[in-house]
S.K.: 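Please see the structure below; I have some questions.
Numbers restart at 1 for each chain; the letters A, B, ... are given by sequence-line order, proteins then strands.
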Amino acid sequence: MEQLRRTHNCGELRETNLDETVTVMGWVDSRRDHGGVIFIDLRDRWGITQVVFNPDINKETHERAHTLRSEFVIAAQGKVTARSEETINEKLPTGKVEVYCNTLQILNKSDVLPFQLDDTDITENNRLKHRYLDLRRKEMQEGIILRHKAAKTIRDYLDAHSFLEIETPILNKSTPEGARDYLVPSRVNEGMFYALPQSPQIFKQLLMVSGYERYFQIVKCFRDEDLRADRQPEFTQIDIEISFTNANEVMEITEGLMKNIVKTVDGRDIEGNFKRISWHEAMNKYGCDKPDLRFDLEIKDLTEIAGNSDFKIFNSIAKSGGIIKAINAKQAEFSRKDLDDLTNELAVYGAKGMAWIKVTEEGLQSPIIKFFSQETLDQMMEVMEAKPGDYILFGAGKPSIVHASLAYLRLAVGKRLNLIDENALNFLWVTDFPMFEKDEENGKLKSLHHPFTKPLCTDLKDLTEKPEEVISDAYDLVLNGCEIGGGSIRIHNVEMQKEVFKALKIGDEEAQEKFGFLLEALRFGAPPHGGLALGFDRILMMLLKKESIRDVIAFPKTQKASCLMSEAPSRVDKKQLIELSLKSLANLDNE
RNA sequence: GGGGUCGUAGUUAAGUUGGUUAUAACGCCUGCCUGUCACGCAGGAGGCCGCGAGUUCGAGUCUCGUCGACCCCGCCA
């Protein structure tokens, strides 16, 4: 028999199609075999249509329909028929009609699936092992489809703003700065390696030198670092670069882009400009550079007041360059266990403990109030705007530890007290980052952003004389406390770039070897330029309210960076290694 | 590199102080059933309790190791 040709999909048949003879194709979503009449929910990408097999219509077809099982792939030809009033299914858009099947073709059989597609709590292990089946599930299909639509929105928006999508190489030169590189051995250059791009940073800058003015790319990037719920070794960036621009323009264009993406994925209109906050303000008020501003709960500085008290611990912390900060958990009703739990959770950030004060109608309660004078307590409570029922939670010690633990505490308290509106979309620009930070390991300066970021200082000497005070023309985009992008205005002047390298203790020779082609390009009429990169996966994760970035990636890796389906990475033939002049130090037989 | 949670039929889970034949739901198989859409009814099959040691008369249960998944710290310009 000649194969039937699909005339309609499973989501489109309506009463307007009554009496038409149609052919639908898809998967058997479920079967309800009554012995006499058999009902099949036939599913394809577009929906579900009920197919009816009745011995009165075609005895032989009905006979064969008994053999159908879940996920068989079939073609069903028959007449679109109205359902009687009492058999209409209001849950289905196609629920007022059904196809009375006359001709059935079984296009493929299916083994019993390792899990049921309508099961909502399959372990991720199982989902990843059979990802192609996981992706068959409606929830996953919706995510993948929205991902496509978001990508199209991005291309449409940027095209309308005169951007050109230009591809950059995947096989690149390795540079030791930044994240660990994924390396690819070169067969024709024995002993040499390419690196996969951590981002197309230098190439997009070169495209500005080439005069393309407005570049974008939806591009895979690779970083060989440990994974997290929001971090994959390969991920997708929306990479953007603009010539003759400034930070404001980059932010404006990005805001327009984000609003379009939100409209596409989530359906909502975001009004007004995104908020902006300086890096210093973010650190001081929220303890981190990506604060979740869906709720207030600011961190207050008590170093002055508490550091000058008679409480020896606070006193010595303040004298040795430490800080004392606190948040006010309003009307918290914490039990002693709650406080202990929070204290334990802070330990991972290096906090040695968490002092607290309970505010009651009768006065303050805490193991530490006896160390403070009434005046000091009054001053602290005034700063904290304490009211009966509140809990004041302290962090004291090294600034980095206090900030990290109070930033965590702020989120933990926000969640416990239900201060967070789960439906809010709070976009925030964080600006005025320091140019450099000290590497805790070796004490050397390193770029907070990357070494091509333009400093905002007027005097280039500041870069080497007081580098830690220099602010950069960089900006991060934060959504609900998640960093979804970042960028900067770049250095387009060779002298300035050399000064930055000097501040980073990258010598002329080293700079020449690693970035010589960029330095050279800057000498040939490089226009002022800047841009940013947005984390496409993270944006989708946030907008689709997924727990993990893996849920918006078709074929993600596990935390150990392996693919449970294909079992990558794997050993390779010894022959392959020899061809590449490689020998593994691992205790494996690569035969 | 470190901390934590978890691993029991195909799936998701229960499993008492260590004690008879390891439960349940869904799925699967067989039969019956002409209006179901979470179809129904009757019956049935299905287990390396992740893996390996140890303790014990006896281990799904306790101990150690190991493998894997997840969350976090470090790391991620």
S.K.: Between B:rC72 and B:rG58, how many Å separate the two C1' atoms, rounded to a whole number?
M.R.: 40 Å

S.K.: Report yes if a donor N or O on one partner sits less than 3.5 Å from an acceptor N or O on the other, where the partners are the side chain of A:Gln50 and the base of B:rU36; otherwise report no.
M.R.: yes

S.K.: Any side-chain N or O of A:Lys560 less than 4.0 Å from the OP1 or OP2 oxygen of B:rG68?
M.R.: yes

S.K.: Which nucleotide, B:rC71, B:rG35, B:rC76, lies nearest any side-chain atom of A:Thr87?
M.R.: B:rG35

S.K.: Regarding A:Ser562, tell me which of base, sugar-phosphate or nothing describes its non-hydrogen contacts under 4.0 Å with the strands shown.
M.R.: sugar-phosphate

S.K.: Between A:Ser548 and A:Ser199, just flag the one whose closest nucleotide in RNA chain B comes earlier from the 5' side.
M.R.: A:Ser548

S.K.: What pairs of residues pass the salt bridge (Lys or Arg N to Asp or Glu O under 4.0 Å) test when at least one of them lies in residues 88-101 of chain A, not counting sequence neighbours?
M.R.: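 Checked against salt bridge (Lys or Arg N to Asp or Glu O under 4.0 Å) - neighbours excluded - the pairs reaching residues 88-101 of chain A are A:Arg83-A:Glu98.
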
S.K.: Identify, with sequence neighbours excluded, every residue that meets side chain to side chain contact (heavy atoms under 4.5 Å, CB included) alongside A:Glu60.
M.R.: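 Here the qualifying residues are A:Asn58, A:Arg64.
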
S.K.: Treating A:Asn17 as the side-chain partner and A:Arg14 as the backbone partner, does any N or O pair qualify as donor plus acceptor under 3.5 Å?
M.R.: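 A pair under 3.5 Å: yes.
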
S.K.: Whole angstroms only, please: what is the OH-P distance between A:Tyr100 and B:rU36?
M.R.: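 So the OH-P distance, A:Tyr100 to B:rU36, works out to 12 Å.
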
S.K.: Given atom NE2 of A:His66 and atom P of B:rG31, what is their separation to the nearest angstrom?
M.R.: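 Answer to the nearest Å: 10 Å.
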
S.K.: Hey, could you give me each pair passing ring-ring contact (aromatic ring centres under 6.0 Å, His included) that has a residue in residues 34-61 of chain A? Not counting sequence neighbours.
M.R.: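 Of all non-adjacent pairs touching residues 34-61 of chain A, those that pass ring-ring contact (aromatic ring centres under 6.0 Å, His included) are A:His34-A:Phe39.
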
S.K.: If you measure from the P atom in B:rU17 to the same atom in B:rU11, how many Å do you get, rounded?
M.R.: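 The same atom, P, in both gives a distance of 28 Å.
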
S.K.: Which pairs pass salt bridge (Lys or Arg N to Asp or Glu O under 4.0 Å) with one or both residues in residues 475-496 of chain A, sequence neighbours excluded?
M.R.: A:Glu241-A:Arg490

S.K.: Closest nucleotide of RNA chain B for A:Asn54 versus for A:Ala404: which of these residues is on the 5' side?
M.R.: A:Asn54

S.K.: Do A:Lys446 and A:Glu177 meet the salt-bridge criterion of a basic N to acidic O distance under 4.0 Å?
M.R.: no

S.K.: What's the CG-P distance between A:Asn58 and B:rU34, to the nearest Å?
M.R.: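 In whole Å, B:rU34 P and A:Asn58 CG are 18 Å from each other.
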
S.K.: For A:Ala229 and A:Arg550, which heavy atoms make the closest approach, and how far apart are they?
M.R.: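 So the two residues come closest at CA-NH1, 4.3 Å.
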
S.K.: Quickly work out the A:Glu225 CD to B:rC72 C1' distance and round it to whole Å.
M.R.: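 Whole-Å distance recorded here is 16 Å.
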
S.K.: Taking only residues two or more places apart in sequence or in another chain, which ones pass side chain to side chain contact (heavy atoms under 4.5 Å, CB included) with A:Thr343?
M.R.: A:Met354

S.K.: Which ones in residues 495-506 of chain A lie close to RNA chain B, meaning a heavy atom under 4.0 Å from one of its atoms?
M.R.: none

S.K.: Measure the distance from CD on A:Gln232 to P on B:rC70 and round it to the nearest whole Å.
M.R.: 9 Å

S.K.: So which nucleotide does B:rU36 pair with, by the Watson-Crick or G-U wobble rule with both distances under 3.5 Å?
M.R.: none

S.K.: Taking any strand in view, what nucleotide pairs with B:rG46 in a Watson-Crick or G-U wobble way, both distances under 3.5 Å?
M.R.: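 By the stated definition (distances under 3.5 Å), nothing pairs with B:rG46.
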
S.K.: Kindly state whether the ring of A:Phe433 and the ring of A:Tyr475 have centres lying under 6.0 angstrom apart.
M.R.: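 They do not qualify: ring centres at least 6.0 Å apart.
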
S.K.: Can you check nucleotides 1-6 of chain B for protein contacts, nitrogen or oxygen pairs under 3.5 Å, and list what you find?
M.R.:
{"from": "B:rG1", "atom 1": "O6", "to": "A:Asp226", "atom 2": "OD2", "distance (Å)": "3.4"}

S.K.: Identify each atom pair where a protein N or O and an N or O of nucleotides 38-42 of chain B are less than 3.5 Å apart, giving names and distance.
M.R.:
{"from": "B:rA38", "atom 1": "OP2", "to": "A:Lys91", "atom 2": "NZ", "distance (Å)": "2.9"}
{"from": "B:rC39", "atom 1": "N4", "to": "A:Asp33", "atom 2": "O", "distance (Å)": "2.6"}

S.K.: Are A:Thr558 and B:rA69 close enough that a side-chain N or O sits under 4.0 Å from OP1 or OP2?
M.R.: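 Yes, within the criterion.
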
S.K.: For A:Arg410 and A:Asp292, what are the C-alpha separation, side-chain angles and deciding distance, and is it a salt bridge (charged side-chain N to carboxylate O under 4.0 Å, His left out)?
M.R.: CA-CA 9 Å; A:Arg410 180 177 172 267; A:Asp292 186 344; over 6 Å; no

S.K.: Is it the case that B:rC37 (base atoms only) and A:Arg83 (side chain only) share a donor and an acceptor within less than 3.5 Å, ignoring hydrogens and angles?
M.R.: yes

S.K.: Report, one line per pair, each donor and acceptor closer than 3.5 Å where one atom sits in a side chain of residues 552-561 of chain A; sequence neighbours left out.
M.R.:
{"from": "A:Lys557", "atom 1": "NZ", "to": "A:Glu234", "atom 2": "OE2", "distance (Å)": "3.3"}
{"from": "A:Thr558", "atom 1": "OG1", "to": "A:Lys560", "atom 2": "N", "distance (Å)": "3.3"}
{"from": "A:Thr558", "atom 1": "OG1", "to": "A:Ser562", "atom 2": "N", "distance (Å)": "3.4"}
{"from": "A:Thr558", "atom 1": "OG1", "to": "A:Ser562", "atom 2": "O", "distance (Å)": "3.4"}
{"from": "A:Thr558", "atom 1": "OG1", "to": "A:Ser562", "atom 2": "OG", "distance (Å)": "3.1"}

S.K.: Would A:Lys325 and A:His403 count as having a side-chain donor-acceptor pair, cut-off 3.5 Å?
M.R.: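 Yes, a side-chain donor-acceptor pair sits under 3.5 Å.
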
S.K.: With a non-hydrogen cut-off below 4.0 angstrom, is A:Glu345 in contact with a base, only sugar-phosphate, or nothing?
M.R.: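 Nothing, no heavy atom under 4.0 Å.
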
S.K.: Quick one: CD on A:Glu63 to CD1 on A:Ile38, what's the gap to the nearest 0.5 Å?
M.R.: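 The distance works out to 8.5 Å.
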
S.K.: Between atom CD in A:Gln116 and atom P in B:rU11, what is the gap in whole Å?
M.R.: 11 Å

S.K.: Which parts of residues 120-140 of chain A get close to RNA chain B, meaning a heavy atom less than 4.0 angstrom away?
M.R.: A:Asp121, A:Ile122, A:Thr123, A:Glu124, A:Asn125, A:Asn126

S.K.: If we take the C1' atom in both B:rC39 and B:rG27, what is their distance in whole Å?
M.R.: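 Looking at atom C1' only, B:rC39 and B:rG27 are 16 Å apart.
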
S.K.: Report the residues that fulfil side chain to side chain contact (heavy atoms under 4.5 Å, CB included) with A:Glu139, sequence neighbours left out, ordered by chain and then residue number.
M.R.: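 Side chain to side chain contact (heavy atoms under 4.5 Å, CB included) list for A:Glu139, sorted by chain: A:Arg137, A:Lys546.
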
S.K.: Regarding A:Leu227, tell me which of base, sugar-phosphate or nothing describes its non-hydrogen contacts under 4.0 Å with the strands shown.
M.R.: nothing

S.K.: Is the base of B:rC75 touched by the side chain of A:Arg231 through a donor-acceptor pair closer than 3.5 angstrom?
M.R.: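 Yes, a donor-acceptor pair under 3.5 Å.
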
S.K.: Side chain to side chain contact (heavy atoms under 4.5 Å, CB included) with A:Val184: which residues, sequence neighbours excluded?
M.R.: A:Leu171, A:Tyr194, A:Leu196

